[in-house]
2 protein chains.
Amino acid sequence: MEPYKLFDAEYKFACLIWDNEPINSTDLVKLSQTKLGWKKSTTYTVLRKLCERGILRNEGALVTAIIKKTDAQKYESQTVVEKSFNGSLPQFLTAFLGDKKLSEKEAEELKRIIEEATK
Amino acid sequence: MEPYKLFDAEYKFACLIWDNEPINSTDLVKLSQTKLGWKKSTTYTVLRKLCERGILRNEGALVTAIIKKTDAQKYESQTVVEKSFNGSLPQFLTAFLGDKKLSEKEAEELKRIIEEATK
DNA sequence: TCGACGGGTTTATTGAAATAAACCTAATTG
DNA sequence: CAATTAGGTTTATTTCAATAAACCCGTCGA
């Protein structure tokens, strides 16, 4: 498995941790119950797998993230561009935008992000 | 199933058709063999499923696409932005670019695509 | 001192994606 | 006409993501 690959359920779960870390494991069980509808055992199963894969850590019932959300997102974004868009960001953008219209403000923000990446 | 959702294997297969349509089904079997390493039955199984879902058509052994590649890509791009980036294209772009540096030319191209979506 | 609770592990179950073996029938060709 | 080929369908198999039931063990408060 590639280091940062998170499956759908895993990603949602990891988001709980990124948003709440450090979090006690029992509290995480409760949070998963309310936010994801998961049973205790499900939470611990997924938690252990992500720990084994070096993505999370559970030490003394305190759960934290080892990899950052931005790194997981970076992996996810690059994977989709590679797999579905031949590695081409312009192709991705073109497809995403389609006939969608952007406001001036949105366009400015995007262009600023792009500018930023040329420096 | 959402109309345009293609699983990984299905997407690769559909790409063969988008790139070669109209294509005779027997030729498609050969193409899938060489490009994807698929057996004949695999090709026909996947082909039938995509036909049932209204994505491809197989009429008189002639295979064509019903939905366009750009539409499948659009769906894919929007799905990833929703699922992993909270629906925010700026967040996606930021994550994708990371520390990557763009050349002037690449930046221009991206900005042009964005400009285009404001008209 | 026992029962509830915290903090887990072990072991299943289910469902679906990915792939293919085995079979079928009609047409064609040597 | 016998064998091959085209063009499929039917039925499995395998793998793995997603989810959970059932169990375990130490501790702590009543």
Side-chain angles (χ1 to χ4, degrees), chain A residues 1-17 20-65 72 75-76 79-80 83-84, chain B residues 1-17 20-65 72 75-76 79-80 83-84:
Chain A
M1 184 81 62
E2 306 91 1
Y4 297 163
K5 170 68 187 171
L6 296 182
F7 299 102
D8 288 20
E10 292 172 341
Y11 182 77
K12 285 184 208 155
F13 178 68
C15 282
L16 294 185
I17 289 135
N20 293 280
E21 65 174 336
I23 181 170
N24 163 271
S25 61
T26 297
D27 292 344
L28 181 58
V29 165
K30 285 176 196 143
L31 194 62
S32 301
Q33 167 61 52
T34 58
K35 298 279 188 177
L36 306 173
W38 287 8
K39 303 294 179 186
K40 183 179 81 154
S41 54
T42 303
T43 294
Y44 278 110
T45 300
V46 175
L47 175 58
R48 184 162 22 80
K49 286 195 172 188
L50 293 185
C51 288
E52 282 164 8
R53 280 159 43 200
I55 290 163
L56 301 178
R57 172 167 26 217
N58 181 10
E59 264 177 21
L62 197 67
V63 178
T64 50
Y75 176 84
E76 197 57 38
T79 299
V80 73
K83 275 198 338 195
S84 295
Chain B
M1 182 82 64
E2 307 90 0
Y4 297 163
K5 170 68 188 167
L6 294 181
F7 299 102
D8 288 19
E10 292 173 342
Y11 182 78
K12 287 184 206 154
F13 178 69
C15 281
L16 295 184
I17 289 134
N20 293 280
E21 66 175 334
I23 182 171
N24 163 272
S25 61
T26 297
D27 293 343
L28 180 58
V29 165
K30 286 176 194 142
L31 195 62
S32 301
Q33 167 62 52
T34 59
K35 299 277 188 180
L36 306 175
W38 286 9
K39 303 292 179 188
K40 184 179 79 156
S41 52
T42 304
T43 295
Y44 278 112
T45 300
V46 176
L47 175 58
R48 185 162 21 81
K49 286 195 173 187
L50 293 185
C51 288
E52 282 164 11
R53 280 159 44 200
I55 289 163
L56 302 177
R57 171 164 30 213
N58 181 10
E59 262 177 22
L62 198 67
V63 178
T64 50
Y75 176 83
E76 197 57 36
T79 299
V80 73
K83 273 198 337 194
S84 295

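So that the names make sense, note that chain A is the first sequence line, chain B the second, and so on, each numbered from 1.
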query = Separation of A/D27 atom CG from C/dC5 atom C1', in whole Å?
reply = 13 Å
inquiry  = A/T42: which residues meet the side-chain hydrogen bond (donor to acceptor under 3.5 Å, both in side chains) condition with it, sequence neighbours left out?
reply    = none
message = If I take atom CG from residue A/N20 and atom SG from residue A/C15, how far apart are they, to the nearest 0.5 angstrom?
response = 10.5 Å
request  = Considering just the side-chain nitrogens and oxygens of A/S25, establish if one lies under 4.0 Å of OP1 or OP2 belonging to C/dG8.
outcome  = yes
ask   = Could you give the CG-to-P distance, from A/L50 to D/dA17, as a whole number of Å?
value = 11 Å
ask   = Of the residues in residues 57-64 of chain B, which ones touch DNA chain C at a heavy-atom distance under 4.0 Å?
value = none
B/S84 versus A/Y11, closest heavy-atom pair with distance = O-OH, 2.9 Å
ask   = Using rotation axes that map the C1' atoms of four end pairs onto the next four (five pairs an end), what angle separates the end axes of the helix from C/dT1-D/dA30 to C/dG30-D/dC1, to 10°?
value = 30°
request  = Taking all non-hydrogen atoms of both residues into account, name the closest pair between A/P22 and A/T64 and its distance.
outcome  = CB-CG2, 3.7 Å
key: B/K12 NZ - C/dA17 C1' separation (whole Å)   = 12 Å
query = Atom CG of B/L56 to atom P of D/dG8: distance rounded to whole Å?
reply = 13 Å
task = Would you mind reporting whether B/I17 and B/L50 have side-chain heavy atoms less than 4.5 Å apart?
result = no
query = Of all the nucleotides listed (D/dA18, C/dA18, C/dG8), which has the minimum atom distance to the side chain of B/E10?
reply = C/dA18
inquiry  = I'd like to check A/D27 versus A/K30 (side-chain heavy atoms, cut-off strictly below 4.5 Å). Are they in contact?
reply    = yes
query = Taking CD from A/E52 and C1' from C/dT9, how many angstroms apart are they, rounded to a whole number?
reply = 11 Å
request  = Sorted by first residue and then second, give each salt bridge (Lys or Arg N to Asp or Glu O under 4.0 Å) pair with at least one member in residues 6-17 of chain A; sequence neighbours left out.
outcome  = A/D8-B/K83, A/E10-A/R53
ask   = Taking CG from B/D8 and P from D/dA17, how many angstroms apart are they, rounded to a whole number?
value = 12 Å
Partner residues of A/E76 under the side-chain hydrogen bond (donor to acceptor under 3.5 Å, both in side chains) criterion, sequence neighbours left out = none
ask   = Is there a side-chain contact between A/K40 and A/T43, using heavy atoms and a 4.5 Å cut-off?
value = no
ask   = In whole angstroms, how far is the P atom of D/dG8 from the OH atom of B/Y44?
value = 5 Å
task = Could you tell me the separation between the CG atom of A/L28 and the C1' atom of C/dG7, rounded to a whole number of Å?
result = 12 Å
What pairs of nitrogen or oxygen atoms, one from the protein and one from nucleotides 19-21 of chain D, lie under 3.5 Å apart?
{"residue": "D/dT19", "atom": "OP2", "partner": "A/W38", "partner atom": "NE1", "Å": "3.4"}
{"residue": "D/dA20", "atom": "OP2", "partner": "A/K39", "partner atom": "N", "Å": "3.3"}
{"residue": "D/dA20", "atom": "OP2", "partner": "A/T42", "partner atom": "OG1", "Å": "3.3"}
{"residue": "D/dA20", "atom": "N6", "partner": "A/T45", "partner atom": "OG1", "Å": "2.9"}
{"residue": "D/dA21", "atom": "N7", "partner": "A/S41", "partner atom": "OG", "Å": "2.9"}

request  = Can you see which heavy atom on B/L6 is nearest to which on B/A14, and at what distance?
outcome  = CD1-CB, 4.1 Å
inquiry  = Which label fits B/W38 and B/F13: parallel for a plane angle under 30°, tilted from 30 to 60°, or perpendicular past 60°?
reply    = parallel
